[in-house]
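Everything numeric in this text was worked out from a predicted model, so none of it was measured. Chain letters run A, B, ... following the sequence lines, proteins first and then strands; every chain starts at 1.
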Amino acid sequence: MAQRQLGELYQQLQRAFNSNASDLNKCGALLAQLKIGLIEAGLLLPQGNPNKEDLVVARDILEIGAFWSIRTRDVPSFDRYFAQLQTFYTDYSSLLPPSKREFPIRGLNLIRLLTQNRIADFHTTLESLPIRADEIADNPYISHPVNLERWLMEGSYSKVWNAREEAPAEEYKFFVDSLMGTIRNEIASCEEAAYESLPLRDAATLLFFTKQSDLLRFAEQRKWQVNLVAGSLTFAKKDEEKLEIPKQKLIAASLAYARELEQIV
Amino acid sequence: MPDVEMKASNEKGTKAEDTKTSEEAKPAPPPNPVAEIKSNLGFIDRGVSTLEPRFTHRVLRTLTSLRKRIDDTTLHTVIEEVYPKGTFNDSLCAPGQLRADSSTKAALLSWLPASASAHSMEVDATTSNSPKPPTVEPCPEGEVYLRLLILHQLLTNAANYTKAVDLSLETIEKMKVWNRRSMDPIAAKVWYAVERAYELSGKLADARPLFLAAQRTAALRHDDESQASLINRLLRSYVYYSLYDQADKLVSKTTFPPSAGNPQLARYHYYLGRIKAVQLNYSEAHTNLQQAIRRAPPQKVAPGFYQAVHKFFIVVELLMGDIPERSLFRHPVLEKALNAYFAIVKAVRTGSLSQFQATLSKHAAQFEADKTYTLIVRLRQNVIKTGIRRLSLSYSRISLREICVKLHLDSEEDAEYIVGKAIRDGVIEGKIVHEKGWMECGGQKGGYGPEVGEVFARRIGYCLDLHNQSVKAMRYPVNAHRKELAAAEGAREREKELAKEIQEGDLDDEDLGGDF
């Protein structure tokens, strides 16, 4: 594909993406064509010293692709776009002018890791961000996922719940739903451990349910006993753990010591 | 005496150690550097000709103390003295060889500033007490050793960094061409100098392909020392740029040579500990950092490394929910460096969120420089957990509102969730009574159970392993047992005589020493 054709497609994509109700299907089709074009131009995974403007265009296309994947709710595709963008963000960071979409995309990636409960990866990624650690608080795109993670770890679930409307970009909201699912399960497992029984109404508030029917369905899933007459939930009591002496292990260990001591003396 | 290549140690507190190192190396006052380098070259020669790497290792052990005492003049003199003079024995050598000789020498000398040469002439005249000028060049290992010394000398001056990079590249090329296994121990040290050269000139990332290629070669040749050194070089480079993903992949794809020396192993454990800590794998990070501390060179010799490891060690220990020992912060080497960390520990111990935040912002710059900031931020939840645990120990029943006030939480609702999570995570034993709005704390678990046995077994295992390792590490010089046999024979003789004397009654009470 000729360079010129690539440029035309790029402009079409920009128009399609930036128009108010961006046409997702059209964007998808254009992106597929553009990616082939980028491969042919050797820009998808740039090697050597390509032209600076070309790189910026390639990065732009991939960034639009990343946003497009979120809008079409295609997380694996977002994953791929992000991996391709990594080259531009890390290896060519000194060469290219910084992109204003870089931090939103990095932030989205962090949220994605958080919703998938990949906390270790979350921290590894956070650690390799190109900003100083004490400046994170000043960057709305990054501080949002960082705060969410902190609250989740602390157990301040109500703060997470309240923060769901404060997303710094439209795309962040896509992850809110799955995040809320994660939180609910977390809270539920905490309740099982911490309470013996709960009034239905309070349980609904704690789990952020507005309708009782939702709560009842949820309770059924987690096998809680519902007492509709008294209006309360009872959690299954955990079995008292039995203390058992691991005989076999102790014998094996003692024999091993005896053998070793025999060798030493 | 391990090598002390640890970064920070170069800056602080090395003066006192300098004398100490040389004392340990040899009890006599250190000879002047020129003589020492020359005797070292002799050792290297001997090591190469007898195929006994011990001699080379011995030379390399003194590298740290030596490199602080050398200067341009010293190196100049040494090179002048150990390489045959250009005009010497024309008749014995083929003309071609002669030219080659002087070219090596000229090449080496060209890396030193010219101003030193005039000075060296005098030194040469006055101190040269060698009976006769050498007729043969030192072996290639000797040359690489000299290059290594020159490299370290160049690195002492910021103006020479680019030159150092050039020299290191040339040296690597030479090592590749010679390809001698007897050179491996020295090569391992050269790699370190290469890294230093690149790092000081601010392009550590550029050296990565070089290290990766060399690491592959070293692995194929079972060159354990270079391999260990190179893996550490690469890890350092990745961790320096916060590329923990790549570092983790490198670790999983390589095996660290088990025969590597303690200093390399200590470093390896340090980097592993850092990677694991970032990945939230605190217990493994703890083990690694503990190993790094145990294997580290003596604290006074490499204070920088000792301090750096302890910083991470303390943070990881806090993250695991333990409180580091108080005595750690009174340690003479650590006391000053760990000041900020001590403040954090205090805040975590009292479980006060406001104190924690204040300390964090006060020392933010230092934590950022130590690269521990993000780890310390994670401590927030531990502060809360410690606070809740403290409350659960002192109260049998406490209202959520009180918890909220005491821990500076934002709302009662938060407090309820947080306590719930603490109960689920097993931080405290107890339950929440929602209707009454309080937390009831359960009794404490008895501290005795099968897990005690497990810990005990692990410790015994460690001791036994240590014993076996030390037995394996002992050296038995050839024929040494004969001497011992002779001594034993003598002792038996004497014993016999003594027995005989006793029998004969020569030895009476007075001889036994009591003259009361």
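When the candidates Val471(B), Val419(B), Ile418(B) are compared by the number of heavy-atom contacts under 4.5 Å with chain A, Ile418(B) comes out ahead. For the set Glu260(A), Glu154(A), Met153(A), the entry with the most heavy-atom pairs within less than 4.5 Å of chain B is Glu154(A). Note: Gly420(B) leads Gly430(B), Ser361(B), Gly420(B) in heavy-atom pairs under 4.5 Å with chain A. Of the listed residues (Gln279(B), Lys385(B), Arg380(B), Lys371(B)), the one with the most heavy-atom contacts under 4.5 Å to chain A is Arg380(B).
Interface remark: Ile384(B) contributes side-chain atoms only to the contact with chain A (heavy atom separation under 4.5 Å). For chain A, the nearby part of Ile460(B) is the side chain; its heavy atoms alone come within less than 4.5 Å. Contact of Leu206(A) with chain B is made through backbone and side chain together, with heavy-atom distances under 4.5 Å. Of the atoms belonging to Ile183(A), not a single heavy atom falls under 4.5 Å from chain B.
For Gln263(A) and Asn468(B), the side-chain atoms include no donor-acceptor pair closer than 3.5 Å. Counted by atom type alone, Thr374(B) and Glu127(A) present one or more donor-acceptor pairs between their side chains at under 3.5 Å.
The existence of a salt bridge linking Lys249(A) and Glu454(B) is confirmed by a sub-4.0 Å separation between a basic side-chain nitrogen and an acidic carboxylate oxygen. Electrostatic pairing of Glu186(A) and Arg424(B) counts as a salt bridge here, judged by a charged N lying under 4.0 Å from a carboxylate O.
With values rounded to the nearest 0.5 angstrom, Lys421(B) atom NZ is found 10.0 Å from Ser156(A) atom OG. If you take CD1 on Ile275(B) and OG1 on Thr124(A), they are separated by 10.0 Å, rounding to the nearest 0.5 Å. Here the straight-line distance linking atom CD1 of Ile119(A) with atom CZ of Arg378(B) works out to 10.0 Å at 0.5 Å rounding. For the atom pair NE2 of His434(B) and CG of Leu198(A), the computed distance is 6.0 Å after rounding to the nearest 0.5 Å. The line from OH of Tyr157(A) to CD of Glu413(B) is 13.5 Å long, rounded to the nearest 0.5 Å.
Within 6.0 Å of CZ on Phe456(B) lie no more than 12 heavy atoms contributed by other residues, nucleotides or ligands. When the shell of 6.0 Å around CZ of Arg118(A) is examined, it contains more than 12 heavy atoms from other residues, nucleotides or ligands.
Closest heavy-atom contact between Ala194(A) and Ile423(B): CB-CD1, 3.8 Å. Between Thr205(A) and Tyr417(B) the shortest heavy-atom distance is O-OH, 4.0 Å.
Contact of the Lys159(A) side chain with the Asp414(B) side chain is registered, since non-hydrogen atoms from C-beta on lie closer than 4.5 Å. Side-chain contact between Val433(B) and Glu196(A) is absent, with no heavy atoms from C-beta onward closer than 4.5 Å. Using a 4.5 Å heavy-atom cutoff, the side chains of Leu280(B) and Phe122(A) are not in contact. For the pair Glu416(B) and Tyr195(A), the minimum side-chain heavy-atom distance is below 4.5 Å. Looking at Val377(B) and Arg150(A), their side chains come closer than 4.5 Å, going by heavy atoms from C-beta outward.
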